[in-house]
Every structure is written in structure tokens, then in C-alpha cells.
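Just below is one structure, and these are the notes that go with it.
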Amino acid sequence: MPAAPRERRAARHASARAEAAPKPRKEPITVERITEAALQVVATEGYDALTVRRVTAVLGTGPSSLYAHIVNKEDLDDLLIGRLCAQIELPEPDPATWRQQVLDVYGQIRDLYLKYPGVSRAALAMVPTHLETLRVSEGILAILLAGGIEPQTAAWALDSLTLYVTAYAWERSLVQQRQQHGGEWVLSREDLIDRFSGLPEEKFPRTRQYAAELTSGTGHDRFVFTVNLITQNLAGGISG
């Protein structure tokens, strides 16, 4: 049965009110939102997928909206590393435990890098400008100086340790990626020992003899070893 004129008018007025209602405003694009979107891309798709275009897709906007806040992809890298560094807890430098403090801080950085596959690559060949990244560098430098390390040695040690943890995390992410894709070169420890032990003895006597030692330890075991190896040799300063 057709609707009565009064009912038709009421429905028409309701429809008109709905059309006239203001649409909800889009959330403005900010550096904070850009960083969150970039981190989301890395967390779900890996660092290789991170592009300005991919971030704009996550935010549902166009590139021009991003370029009002960032200059290029390198800016995204700086923002990402800065966001991760904001989560680093820095201790009050203690001359009695400075080596352990250095290990603890770099352990935090390592774990954050490993949480986001390949993100450590963003820290390579980059001069940090983000205040949180500089805060962490300042804190590590303070720990080294509190340990009695000469300033020039402390500065170079900071650079070396940071480069090591960055490269370590990147390598681990590459291994994980290749394992997920069935990479044949990622061998088990047992396979490596078999291969090393089977090498010609006249050419590889030490590799054969010490196959177990060469393949021992987890990645984190070797991480701790390397950081400690560097810090334990700092007291002597820089030799020519």
C-alpha cells in the first residue's frame, strides 16, 4: 500500500537532514601519524615495503599531505629510528657498572630493531637529527665517559658499537626473511659442522678441528661477546 503523503514528506525531510549533516572531518596529517603509519608498514610488511606512497595509502591521503611534513624517504627513516629510541631507558651513568650499562642499552636497541624486520637498515649511513636518537647517543656517551674512557676513544667506541648493533639486527632480519622463504643457504648448526668436518684436511685443518667452536653459540651469545669484547678493550685508548 503506498505511503500516505504525510509519511512521504517525513521520510523526505529525514533524508534531506541526513544529506545536510556535516561529514566528519578527516583527522589531520601530523608527523606523529606519519611515523605511526610508517612503523605499521614495517611491522606488517617489512622495511623493504616502506615508501612514501605506501605510507600515504595507510593514511588514506596523497603524497602532498606528507611532503608538507617530511622531505623524503630519509626523513621517514629518521622518524622511525627516533620513535624506537624514544622507548630506550637510559640509566644514570655508574663508573662501577658502566660496561654492563652499555650492554643493557645496546641490548634494548637490538631487541627493538629485531621487533621490526629490517628497520635497522634505516639507521645505516644516516646522520641522526631526531632528538630521541640524539638523547640515546648522549646517554651512551655519558656512560662511556663515566667509565673513565678518554673522550676521543669514547666517541669512536659509540660509533663502532652503534654500527655493530645495527648490522647485527639487519643480518638477523635477513636470515629470518630467507628462512621464511625457504632459503637453502640457511643451514642448521649440524649441517655446518658436517660441511666443515668434511673439508679437505690439508687445506682446512683448523676449520675441520674447530668446527664445533666455529658454529657454537646463539646470535645473542655472540652479540654479548662482541659488545663486551669492545668495551673491555677501551681503557687503553686509541693507538696509532
Side-chain angles (χ1 to χ4, degrees), residues 29-43 47 50 52 55 66 68-173 220 223-224 226-232 234-235 237-238:
I29 301 298
T30 62
V31 170
E32 181 74 13
R33 290 190 65 210
I34 292 170
T35 307
E36 285 289 346
L39 203 58
Q40 178 184 331
V41 172
V42 176
Y47 177 76
L50 181 64
V52 171
V55 173
L66 261 66
H69 300 278
I70 65 170
V71 178
N72 50 29
K73 166 67 163 46
E74 285 66 34
D75 252 1
L76 281 179
D77 290 342
D78 195 35
L79 289 172
L80 280 174
I81 300 303
R83 169 60 62 85
L84 296 182
C85 283
Q87 302 178 52
I88 302 296
E89 295 182 4
L90 296 170
E92 187 67 30
D94 181 2
T97 61
W98 70 272
R99 287 187 175 88
Q100 184 60 48
Q101 288 184 328
V102 168
L103 179 61
D104 289 344
V105 173
Y106 277 111
Q108 291 181 61
I109 298 172
R110 173 203 64 197
D111 292 344
L112 283 168
Y113 282 168
L114 294 179
K115 184 177 178 181
Y116 298 95
V119 75
S120 62
R121 205 168 99 197
L124 291 171
M126 179 186 74
V127 178
T129 60
H130 198 288
L131 292 181
E132 287 295 345
T133 308
L134 294 172
R135 177 187 70 89
V136 172
S137 295
E138 169 76 16
I140 296 171
L141 184 60
I143 294 170
L144 293 168
L145 293 173
I149 307 305
E150 188 267 333
Q152 182 65 79
T153 302
W156 286 8
L158 169 64
D159 181 63
S160 299
L161 286 161
T162 301
L163 180 59
Y164 169 70
V165 69
T166 302
Y168 170 87
W170 187 18
E171 183 190 50
R172 296 284 294 180
S173 69
H220 283 9
F223 176 90
V224 171
T226 304
V227 173
N228 284 335
L229 182 69
I230 295 173
T231 58
Q232 288 168 8
L234 291 178
I238 299 173

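Nothing here was measured: the structure is a model prediction, and the numbers come from that model.
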Walk me through it: do Ile140 and Leu161 pass the test side-chain contact (heavy atoms from CB on, under 4.5 Å)? CA-CA 10 Å; Ile140 296 171; Leu161 286 161; 5.5 Å; no

For the pair Tyr106 and Arg110, evaluate side-chain contact (heavy atoms from CB on, under 4.5 Å) and give the outcome as yes or no after the intermediate values. CA-CA 6 Å; Tyr106 277 111; Arg110 173 203 64 197; over 6 Å; no

Candidate pair Leu124 and Leu163, rule side-chain contact (heavy atoms from CB on, under 4.5 Å), full reasoning: CA-CA 8 Å; Leu124 291 171; Leu163 180 59; 3.9 Å; yes

I'd like to know whether Tyr116 forms a side-chain contact (heavy atoms from CB on, under 4.5 Å) with Leu50, so could you lay out the CA-CA distance, the side-chain angles of the two residues, the decisive distance to 0.1 Å, and finally the verdict. CA-CA 12 Å; Tyr116 298 95; Leu50 181 64; over 6 Å; no

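For Glu171, the CD atom sits in a loose shell: 12 or fewer heavy atoms of surrounding residues, nucleotides or ligands are nearer than 6.0 Å. Open room surrounds CD on Glu89; 12 or fewer heavy atoms of other groups in view lie less than 6.0 Å from it.
Closest approach of Ala123 to Thr166, counting heavy atoms only: CB-CG2, 4.1 Å. The two residues Arg99 and Thr231 come nearest to each other via the heavy atoms NE-O, 3.3 Å. In this structure, Asn228 and Leu103 approach most closely via the heavy-atom pair OD1-CD2, 4.1 Å. Smallest separation of non-hydrogen atoms from Leu144 and Ala157: CD1-CB, 4.3 Å. Listed here is the closest heavy atom pair of Leu90 and Gly139: CD1-CA, 3.9 Å. Between Gln101 and Pro91 the shortest heavy-atom distance is NE2-CB, 3.5 Å.
Annotation: side chain of Val119 is not in contact with side chain of Arg83 (no heavy-atom distance under 4.5 Å). For the pair Leu141 and Pro151, the minimum side-chain heavy-atom distance is 4.5 Å or more.
A donor-acceptor pair under 3.5 Å is formed between the side chain of Asn72 and the backbone N or O of Asp75. Looking only at distances, a side-chain donor or acceptor of His69 sits under 3.5 Å from a matching main-chain atom of Ile29. Of the possible polar contacts, none joining the Thr162 side chain to the Asp159 backbone as a donor-acceptor pair under 3.5 Å is found.
To the nearest 0.5 Å, atom CG of residue Leu80 and atom NE2 of residue His130 are 9.5 Å apart. With rounding to the nearest 0.5 Å, the separation of OG1 in Thr153 from CG in Leu145 is 10.0 Å. A distance of 5.0 Å separates CD1 in Ile109 from CD1 in Ile88, rounded to the nearest 0.5 Å. One finds the OG1 atom of Thr226 at 3.5 Å from the OH atom of Tyr164 (value rounded to the nearest 0.5 Å). Atoms CD1 and CG, from Ile81 and Leu76 in turn, are 11.5 Å apart once rounded to the nearest 0.5 Å. If you take CG on Asp78 and OG1 on Thr133, they are separated by 6.0 Å, rounding to the nearest 0.5 Å.
Between Glu138 and Arg135 there is no salt bridge, since no side-chain N of the basic residue sits under 4.0 Å from a carboxylate O of the acidic one. Between Asp77 and Lys73 there is a salt bridge, since a side-chain N of the basic residue sits under 4.0 Å from a carboxylate O of the acidic one.
Under the 3.5 Å distance criterion, with hydrogens and angles disregarded, no donor-acceptor pair is assigned to the side chains of Gln108 and Asp104.
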